[in-house]
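Below is one structure, written out as structure tokens, with a few remarks after it.
Keep in mind that this is a model prediction, so the values were computed, not measured. Each residue takes its place number in the sequence, starting with 1.
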Amino acid sequence: QLYRDTAPVQNTVTGLIVSDSSNASAALLTEGVDYTLTTDTQGLQVITFNSSFTLAPNEAIYMLHESAASEGTPDGNYTTGYIWNSNDVTDDTALQASSSEPTTVLE
């Protein structure tokens with residue numbers, strides 16, 4: 001599930017976003033309308049926003065996903081990685097950012 005938050009709550013000192021998809025200003029996006037999801041490669045999800053999608057300054061995207069671990073995968077903490085490819089709206093400069101988040105496997 002993908003949510004767009006037009007008024008996320010930010011930490012006033014660090015600027016980091018501290019709200020999540022339950023924030024009143026977060027709206028669920030619709031697959032096939034707002035974005036497409038490709039899962040052709042095991043362990044990889046590619047999200048492509050439609051060409052008119054623009055994330056304004058001080059907005060946020062929240063991604064919630066569930067994935068199934070192979071049988072026999074031990075409980076524990078793993079890491080999920082993200083790579084964002086985008087284009088600047090003023091001059092179409094290609095941009096890229098990456099992040100990783102802790103992921104917990106539970107039986």
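Taking D40 as the reference, nothing meets the side chain to side chain donor-acceptor pair (under 3.5 Å) condition, with sequence neighbours excluded. With sequence neighbours left out, the side chain to side chain donor-acceptor pair (under 3.5 Å) criterion links N85 to Q96. The side-chain contact (heavy atoms from CB on, under 4.5 Å) check on L44 picks up T41, V46, with sequence neighbours excluded. Contacts of T38 classified as side chain to side chain donor-acceptor pair (under 3.5 Å), with partners at least two apart in sequence or in another chain: none. With sequence neighbours excluded, the residues forming a side-chain contact (heavy atoms from CB on, under 4.5 Å) with T90 are D88, listed by chain and number. Residues forming a side-chain contact (heavy atoms from CB on, under 4.5 Å) with S86 (at least two apart in sequence, or on another chain): L95. Residues satisfying the side chain to side chain donor-acceptor pair (under 3.5 Å) criterion with S19, sequence neighbours excluded, are Y62. Every residue was checked against the salt bridge (Lys or Arg N to Asp or Glu O under 4.0 Å) condition with E31, not counting sequence neighbours, and none meets it. Remark: S25 pairs with D5, T6, A7, N23 by the side-chain contact (heavy atoms from CB on, under 4.5 Å) rule, at least two apart or across chains.
Among residue pairs with one or both ends in residues 47-58, none qualify as salt bridge (charged side-chain N to carboxylate O under 4.0 Å, His left out); sequence neighbours excluded. Every pair tested for ring-ring contact (aromatic ring centres under 6.0 Å, His included) that includes a residue from residues 1-23 fails, sequence neighbours excluded, so the list is empty.
Rounded to the nearest 0.5 Å, atoms CG (N87) and CG (D92) are 4.5 Å apart.
Side-chain contact between N58 and P8 is absent, with no heavy atoms from C-beta onward closer than 4.5 Å.
In this structure, F53 shares a hydrophobic cluster with L2, L29, Y35, L37, I47, F49, L55, I61, M63, Y82, W84, the cluster being traced through Ile, Leu, Val, Met, Phe, Trp and Tyr side chains under 4.5 angstrom apart.
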